[in-house]
Amino acid sequence: MPQQVPRLAAVFAVAVIGLFVARSLLVPDTFGDLGHYRAAAIDTIVAHPKEYAGHQECTMCHRPIAEQRAASNHRGVRCEVCHGPAAAHVANPLEIKPAVPRERDLCVLCHAYSPSRPTGFPQIDSVTHNPRMPCAGCHEPHAPEPPVTPRECSACHGQIANQLAVSHHAELNCGTCHEAPKEHRDNPRAVRPTKPAERSFCGTCHAADARSSERIPRIDLRSHGQPYVCWQCHYPHYPEAR
Amino acid sequence: MPESPDTIERDAERTDSDSVDRREFLRDLLGACSAAAPVLWWGTVSVPAAAAQGATAGYDPTEHRYGMGIDVRKCIGCARCVVACKTENDVPEEPHFFNTWIERYVIRRDHEVDVDSPNGGIDGFPPIAEPATVRRTFFVPKLCNHCDNPPCVQVCPVGATFITKDGVVLVDEGYCIGCRYCVQACPYGARYIHPEKHVAGKCTFCYHRLVDGLVPACVEVCPTGARIFGEVEERATPLARFMQFNDVQVLKGHLNTKPKAYYANLDGEVR
């Protein structure tokens, strides 16, 4: 065998081994196992944590609500659409609570009128549809029905009802301030409902020490507007302060 | 590395002692190669085969082929899908980064087409300008089409984006070099460069949910069933029914990308 053959062979072997070493260093592990990519990348992607638990998860612990929803107009609206991602809550139900969105904004996302929405989808004009009142006060969010208008009082006192509906007192029912016997509807002039008679009545919500929601504006009952009754200055069905 | 038997002519070689014969050279070379073979073997198969299957226990990617049906006539444009997608997949909050988004089409009486998608639709859509000139208007959800013939995968110079056995186009964030070729190549605008990670971002069909038997987050939250997710090829599935009873279309079919997002009731103006 001539000398140059083993030498050439040695050079060749070094080159080939060098190539393989370089390749094994440059090509990452698992590349090419499944295709022209790193198979291990799939493991990384699969390990991504989940935020949304999925509606199946909620039934176990919230069966009444889940069943109510499943039979309602909202059967397609999954829990986490309104309550937000709840995988953390499922893992730790007592420590981590999902949001409970009581604002009108939530419902308006889907139900506000838009000409681009498919015809037939129930829509309302949020500006005129019972403004100021929380939607959940009239529509059960887990089983909403288009409720029958409570026409009893508004049928005859339409103007007052309409005014009240757009006022700061929108969330108050007639019954909060008037006790109307059934007979009033049959014989309205003969049987009259009660009307608030004293300043202290309004004070049950508005006095500085009243036990009512914190967002209700307060006055000093003893000095404010004395010596008149409140409704001599504020129309009770449309109270204005400014 | 194929090794051919070299016995037949060995005797002839031996007698022809000193001449540098091509056969002998080849044999030496072969020897050198087989010496190097273990190195090559070590280089490629050093990871246990189980880890390289790339999925969680009990999940066999070869048993699935995923696609999504979208019924345009059911979409109310509430964009809960966009919000859910961003939350589930850590997509940056800022506009311009979306794995899925909602477009509003407004087609005017003079055939002018306006398309907008302010912040993907998350904050709602502003009132339509000049409502009197509107002929028709509707919402179209968009996302990665998970093409069977994906241009983004073809252009990737390093093999950092790929299509899985179950038909999902994914990005290897540990390997992507952020060169933007795929962003340019995608005809659907479904990719972006993640502003912090500096790698390509896109819809994964929530692959981490699929392997656990859950549907993608956008499908989970869609209130009207406008998104139908499932197996493309099996017969008795919601997606198969959807494709049987609707005239389905794909976007930009002429590009031969073979998309797997199937649209029903799609207006001819949608691009």
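Note on naming: letters A, B, ... go to the chains in the order of the sequence lines (proteins, then strands), and numbering restarts at 1 for each one.
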### Query
Taking all non-hydrogen atoms of both residues, which atom of Pro49(A) and which atom of Glu88(B) are closest, and how far apart?
O-OE2, 3.8 Å

### Query
Under 3.5 Å, side chain of Arg136(B) to main-chain N/O of Ser116(A), donor-acceptor pair present?
no

### Query
Is it the backbone or the side chain of Ser114(A) that comes under 4.5 Å from a heavy atom of chain B, or both, or neither?
side chain

### Message
Counting heavy-atom pairs under 4.5 Å with chain B, which one of Arg78(A), Arg38(A), His48(A) comes out on top?
### Response
His48(A)

### Residue pair Tyr207(B) / Ile45(A): nearest heavy atoms and the distance that separates them
CB-CG2, 4.0 Å

### Message
Taking side chain as everything from C-beta outward and backbone as N, CA, C, O, which of these in Ala87(A) sits under 4.5 Å from a heavy atom of chain B? Side chain, backbone, both or neither.
### Response
neither

### Query
In terms of heavy-atom proximity below 4.5 Å to chain B, should Phe121(A) be classed as side chain, backbone, both, or neither?
side chain

### Task
Please report the C-alpha distance between Tyr37(A) and Ile163(B) in whole Å, then the side-chain angles of each, then the deciding distance to 0.1 Å, and finally whether the side-chain contact (heavy atoms from CB on, under 4.5 Å) criterion is met.
CA-CA 9 Å; Tyr37(A) 59 94; Ile163(B) 181 158; over 6 Å; no

### Task
Between chain B and each of Lys50(A), Arg75(A), Gln56(A), His111(A), count heavy-atom pairs under 4.5 Å; write down the option with the most.
Lys50(A)

### Message
For the interface with chain B, which of Gln4(A), His55(A), Glu80(A) has the highest count of heavy-atom pairs at distances below 4.5 Å?
### Response
His55(A)

### Query
So what's closer than 4.5 Å to chain B heavy atoms on Pro85(A): side chain, backbone, both or neither?
side chain

### Message
What part of Cys156(B) gets within 4.5 angstrom of chain A, counting heavy atoms only: side chain, backbone, both, or neither?
### Response
neither

### Message
Only pairs of heavy atoms separated by less than 4.5 Å count here; which of Gly84(A), Cys79(A), Ala41(A) has the most with chain B?
### Response
Ala41(A)

### Task
Check each atom of Cys75(B) against the heavy atoms of chain A and say whether the ones under 4.5 Å are side chain, backbone, both or neither.
backbone

### Summary
Value for CD1 (Ile76(B)) from CZ (Arg117(A)), rounded to nearest 0.5 Å, stands at 5.0 Å

